[in-house]
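In what follows, chains carry the letters A, B, and so on, assigned in the order in which the sequence lines appear, proteins first and then strands, with residues in each chain numbered from 1.
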Amino acid sequence: MNSPDHAAPGLPGLFAERAGDYRAGMHHCTEDELPGVLAGLLAAAAKVVLPPGVPAAWTSGLAVPTLLDDRGLTAADLDEAGLSVLTGCAVAVAETGTIVLDAGPGQGRRLLTLVPDHHVCVVRDEQIVADVPDMITALPDPTRPLTMISGPSATSDIELNRVEGVHGPRRLDIVCVHPAI
Amino acid sequence: MRIALFVTCLNDALFPQAGIATVTVLERLGHTVAFPAAQSCCGQMHANTGYAAPARQLERLTEDAFAGQDAIVSPSGSCVAHLRAHTALPVYELSELLVDVLGVTDVGATFPHRVTYHPTCHGLRMLRLGDRPTALLRAVRGLDLVDLPEPEQCCGFGGTFALKNAAVSGAMLADKCASAASTGAEYLAAADNSCLAHIGGGLARHPGAPKPIHYAEILAATGGIRE
Amino acid sequence: MSRQLPIVAITPFPQAAAHELADTQLRANLGRATRTIRDKRARVVAEVADWEPMRDRAAAVKDEVLDNLDELLARFEAAAVAAGATVHHAADAARANAIVTELVQEQQADHVVKIKSMATQEIGLNEALEAAGITPIETDLAELIVQLADDTPSHILVPAIHYNRSQIRELFARRMPGFTATSDEPAVLAGAAREYLRRTFLAAKVAVCGANFAIAETGSLVIVESEGNGRMCLTLPETLIAVVGVEKLLPRFADLGDFLRLLPRSSTGERMNPYTSIFTGVTAGDGPQRLHIVLLDNGRTQVAQDPAGRAALRCIRCSACLNVCPVYERAGGHAYGSVYPGPIGAILSPQLTGQDAGFNKTLPFASTLCGACYDVCPVKINIPEILVHLRQTGPKPAAERAAMSTLSWVMRDRRRWRAALRAARSGSAPLRLIARRHGGTLRRAPWPLSAWTAHRDAPLPAAESFRDWWRRTHEQS
């Protein structure tokens with residue numbers, strides 16, 4: 001289910017609105033619908049890069065090959081055309097539409113979400129906090145490598161025209177998983 | 001109420017009308033105005049040009065001249081801001097005195113003209129005068145107040161900045177004059193004759209541009225339209 | 001190193017500004033850019049209910065850092081070293097450049113990729129590396145443009161704001177290997193930079209970065225960016241060298257809660273920038289396996305000793321003060337002759353390198369003291385107050401000094417003052433006849449007032465001073 005009226009109220013609703021403001025692709029579903037939504041978003045990928053710890057259910061509907069980062073994929077491996085990466089996140093921020101990766105299970109090493117051109121990130125309602133200070137205190141271990149992502153890579157360096165996608169993934173899809181009603 | 005006037009050195013020498021207007025408005029409202037003759041300059045120009053010692057002497061002189069006064073009024077936002085930062089004197093910019101202390105917005109003036117108001121940097125950001133001056137102007141009979149585009153932009157005066165950085169000051173002035181001219185107003189009012197001397201000097205070279213006027217002079221005016 | 005650091009004004013500001021003002025393209029670009037960013041900033045700041053208390057808290061945290069600099073530096077170093085980093089201390093630019101150069105040479109790298117960093121610009125690191133035969137490659141798009149053009153940045157946040165798209169396309173065609181695009185669409189130009197830099201990132205052995213924040217509690221570095229070039233530099237090369245001004249410290253990790261809200265909203269006018277990276281030492285299997293942190297003083301501890309000026313060290317380089325400054329908007333960044341332009345540059349450059357260096361003494365006067373910079377500063381640096389402090393402590397022309405003390409002597413005595421007012425009035429009587437033609441103002445005055453009448457008419461002393469009017473109307477009874 002990808003319709004915006006599926007969006008939840010409160011923090012999840014604000015998160016979806018704010019992340020959408022950065023032109024991240026926003027998608028909403030329940031736990032049961034998740035495999036189907038992910039399969040749809042990743043259908044056009046040549047391969048899907050997976051960090052260790054991605055739940056098996058997330059990939060159960062995929063019809064394309066996967067590439068598990070269990071033996072240290074190199075930047076060159078990840079620079080192949082058509083790669084997508086699928087991850088979860090540690091915490092997300094409603095006020096700013098930010099997802100935070102901390103290299104925990106299902107998130108992996110930093111280069112996995114950097115070199116491929118397409119990043120699909122799964123966010124559960126209970127991972128969403130109100131604002132940046134809540135996120136800072138919600139991080140389980142601040143000394144892990146942290147990446148805060150607010151929309152796709154962007155530059156405004158040429159005549160202040162916003163161009164999405166410079167060096168990081170040019171496409172960011174966020175899948176918000178809400179409890180079934 | 002007895003109110004002491006700090007007219008400022010600039011108004012004393014070049015723009016006495018602002019001081020006269022301040023006295024006129026307050027006396028019309030039934031107050032007694034005093035003018036301590038020992039006053040001259042608050043020290044702002046010296047301080048901002050980099051001369052701390054003479055500035056301090058002038059601040060002390062002003063403190064002595066106004067010792068024991070309960071309320072001091074001045075028709076100059078920048079001088080009020082300087083005295084407030086460097087002395088303990090109970091000093092008010094005219095609109096603060098009228099609106100906050102005396103509780104008046106209608107001072108009984110009539111000025112049947114189209115007027116635009118430049119808030120000036122000290123009025124806007126140091127004193128936070130807000131809508132006090134425009135509330136007073138809106139209550140003036142016959143006055144048509146029109147908005148000045150980009151009012152928060154500095155006019156480029158900045159004391160000796162106008163001389164030391166003449167090119168940049170001139171460029172800022174040109175933009176302020178263009179904003180003022182675009183309003184179609186007859187008068188550009190402000191709460192500081194230092195900015196007005198600069199803007200007015202530029203407007204004098206724009207045919208058809210508004211004429212500079214201290215807003216106290218508008219508040220003092222009673223001529224013109226019959227009600 | 002005998003050459004002057006790029007934080008010294010080499011031309012008097014008024015002259016440099018007058019020169020830049022003549023460039024109408026620059027003025028149009030700057031006017032549009034600063035207006036756009038300041039409107040965006042105003043919108044996102046207005047939606048934060050506790051913005052003002054947050055500014056107060058942030059200022060207090062930065063003051064806490066300046067009060068406890070040595071202790072916090074030691075804590076940072078201990079934590080960073082425990083996490084696998086190597087920490088170096090550089091008292092000045094020459095030492096910092098030497099440390100970085102040696103570290104690059106140790107890795108036998110002939111080039112380094114760089115994240116936009118004010119600290120490395122301040123010390124002239126690129127020039128030092130080039131002198132040692134090492135090619136520094138700027139990877140921020142705007143810095144790349146400026147570097148390819150052999151130019152210098154004109155804005156802290158949008159360094160290439162003085163270039164338009166056709167100038168950039170022409171530059172890329174001339175200087176970027178493999179560039180073939182014929183369009184000057186920003187998306188096409190950014191795409192070309194992506195292709196060019198991707199090859200460079202994948203091959204780079206060493207990266208050089210600065211830091212937006214350094215956390216004493218954890219030894220972490222924080223890098224705030226938009227394009228992802230930062231993440232590339234922080235993730236792909238085996239060796240990472242961070243040059244960090246000592247004032248970048250924050251005591252606690254939790255302090256980031258406020259600072260990461262203040263910085264993007266003040267800087268780009270976004271609720272949050274696209275990418276923020278935080279890393280602590282070395283993580284096995286993830287990112288660079290060698291991390292060197294060069295803690296840079298370069299005049300900072302000396303500035304921290306001056307109670308009236310040290311608040312300048314609170315600066316988090318957001319550039320909000322540039323975007324609201326009417327002088328910057330017209331003069332542009334180059335007029336300040338320093339990598340730190342605008343209001344913050346006018347107080348930082350003279351403090352870091354001294355007012356006697358070059359024409360630094362003209363920088364504190366490059367302001368009308370309009371106060372717009374103080375209003376937007378996320379760490380509440382009272383820039384106008386520090387400008388005045390620097391004016392009062394800096395060198396000044398002898399003639400001006402004499403004029404000011406004479407004026408003050410006249411003003412300190414009511415008889416002298418009244419006599420001066422009358423003398424001015426009668427002395428200007430002939431001028432009043434001339435001025436009548438222009439509605440009472442003077443169109444052309446002799447030197448030194450000619451600087452005034454070059455741009456505007458001058459007022460003349462009134463026919464009757466206020467005090468004479470008062471005596472006539474209120475004292476003669």
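Heavy atoms of R35(C) lying under 4.5 Å from chain B belong exclusively to its side chain. Neither the backbone nor the side chain of T473(C) comes within contact range of chain B, judged by heavy atoms closer than 4.5 Å. When heavy atoms are compared at a cutoff of 4.5 Å, A454(C) approaches chain B solely by way of its backbone atoms N, CA, C and O. Looking at L369(C), the atoms closer than 4.5 Å to chain B (heavy atoms on both sides) sit in the backbone and in the side chain alike. Contacts of I20(B) with chain C are made by both backbone and side-chain atoms, with heavy-atom separations under 4.5 Å. For W469(C), the part lying under 4.5 angstrom from a heavy atom of chain B is the side chain only. Residue E150(B) touches chain C through its side chain alone, counting heavy-atom pairs closer than 4.5 Å. With a 4.5 angstrom heavy-atom cutoff, A18(C) touches chain B via backbone and side-chain atoms both. Contact of A34(B) with chain C is made through the backbone alone, with heavy-atom distances under 4.5 Å.
Within residues 388-402 of chain C, the residues having any heavy atom under 4.5 Å from a heavy atom of chain B are, by residue number, V388(C), R391(C), Q392(C), K396(C), P397(C), E400(C), R401(C). Inspection of non-hydrogen atoms places C121(B), R125(B), M126(B), R128(B) of residues 114-131 of chain B under 4.5 Å from chain C.
With contacts defined as side-chain heavy-atom distances shorter than 4.5 Å, the pair P459(C)/F15(B) qualifies. Under the 4.5 Å side-chain criterion, counting only non-hydrogen atoms from C-beta, W470(C) is not in contact with V7(B). Between H46(B) and L407(C), the closest side-chain pair of non-hydrogen atoms falls below 4.5 Å.
Between chain C and the residues G158(B), S40(B), A197(B), the largest count of heavy-atom pairs under 4.5 Å involves S40(B).
Taking every heavy atom of both residues into account, A451(C) and A166(B) meet most closely at O-CB, 4.0 Å. Scanning all heavy atoms of the two residues, the minimum distance from T441(C) to A204(B) falls at OG1-CB, 4.0 Å. Of all heavy-atom pairs spanning A171(B) and L21(C), the tightest one is CB-CD2, 3.8 Å. Listed here is the closest heavy atom pair of P16(B) and S465(C): CB-C, 4.1 Å.
F35(B) pairs in a side-chain contact (heavy atoms from CB on, under 4.5 Å) with only one of the listed residues (R471(C), R467(C), H474(C)), which is R467(C). S169(B) pairs with exactly one of R330(C), H455(C), R456(C) by the side-chain hydrogen bond (donor to acceptor under 3.5 Å, both in side chains) rule, that one being R456(C).
Enclosure of atom CZ in R444(C) is not indicated, since only 12 or fewer non-hydrogen atoms of other residues, nucleotides or ligands lie within 6.0 angstrom.
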request  = Under the side-chain contact (heavy atoms from CB on, under 4.5 Å) rule, what do C9(B) and W417(C) come out as? Steps first, then yes or no, please.
outcome  = CA-CA 9 Å; C9(B) 59; W417(C) 176 233; 3.5 Å; yes
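A distance-only check finds no donor-acceptor pair linking the side chain of N11(B) to the backbone of F466(C) [under 3.5 Å].
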